[in-house]
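Because the structure is predicted, anything quoted here is derived from the model rather than measured. Basis for what follows: all heavy atoms, side chains included, without hydrogens, waters or symmetry-related copies.
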Amino acid sequence: MRFYYDPFTEFNRLFDDAFTARFRPSTTTTEVGGASNGAVACAGSFRPRMDLHEAKDSNTVTATFELPGMKSEDVTIDVHQGRLTVFGNASSSHSQEEAGYAVRERHYGKFTRTLQLPIGTKPEDVKAKMENGVLIVTFPKVNAEQQPHRIAIQ
């Protein structure tokens, strides 16, 4: 059995824990609860990865969230005061019985990710779809009324 160790995962967790309370609103922090059997889960152990991609030809921004094992019913997307907030409940359980012993693991927690939308973005302009644990949210980068207009000098 091989184990993969990513040193940056631990660094990111430590950095997030150190600066979360001071620089982020409380709505963007990650909360994780312990398993029902009394086990304790580490705070910040589930923070979905997010990629942002700007398509200049179509004037859109695409945010891709990795939510492995989650369904669209577990995720909620809100647009309020120019912010896009993705939040949900993650839960998973694994059970293995072999040679007289049993291993049962349960993990669950809440997550929240917030993005600032471009000024003037309407909620109906935001599109989302989820497929195989990947949430794709697309919204326009610049609306037509935000495009610069050249004024002729007389």
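- With sequence neighbours excluded, the residues forming a salt bridge (charged side-chain N to carboxylate O under 4.0 Å, His left out) with E54 are K141, listed by chain and number.
- Counting all heavy atoms, side chain and backbone alike, N89 lies closest to K110 at OD1-CG, 3.0 Å.
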Next on the checklist: Would V137 and L115 count as a side-chain contact (heavy atoms from CB on, under 4.5 Å) here? Give the steps.
Outcome noted: CA-CA 11 Å; V137 181; L115 295 171; over 6 Å; no
Item to check | Stepwise side-chain contact (heavy atoms from CB on, under 4.5 Å) check, M70 with F111 | outcome: CA-CA 12 Å; M70 295 185 69; F111 70 89; 3.5 Å; yes
Checklist entry - Would F139 and D125 count as a side-chain contact (heavy atoms from CB on, under 4.5 Å) if you check the C-alpha gap in whole Å, the side-chain angles of each, and the deciding distance to 0.1 Å? => result CA-CA 6 Å; F139 52 90; D125 293 339; 5.7 Å; no
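- Applying the side-chain hydrogen bond (donor to acceptor under 3.5 Å, both in side chains) rule to E131 yields no partners; only residues at least two apart in sequence or on another chain are considered.
- When hydrophobic side chains of Ile, Leu, Val, Met, Phe, Trp and Tyr are connected at separations under 4.5 Å, I153 ends up as a singleton with no cluster partners.
- The minimum heavy-atom distance between P140 and P118, with the atom names listed, is O-CG, 3.6 Å.
- Here the OG1-CG distance, from T114 to L84, works out to 8.0 Å after rounding to the nearest 0.5 Å.
- With R104 as reference, E97 is the one residue of Q96, H94, E97 to meet the side chain to side chain contact (heavy atoms under 4.5 Å, CB included) rule.
- Atom CZ of R113 sits about 10.0 Å away from atom CG of L67, to the nearest 0.5 Å.
- Within the 3.5 Å criterion, the main-chain N or O of G82 finds a donor-acceptor partner in the side chain of Q116.
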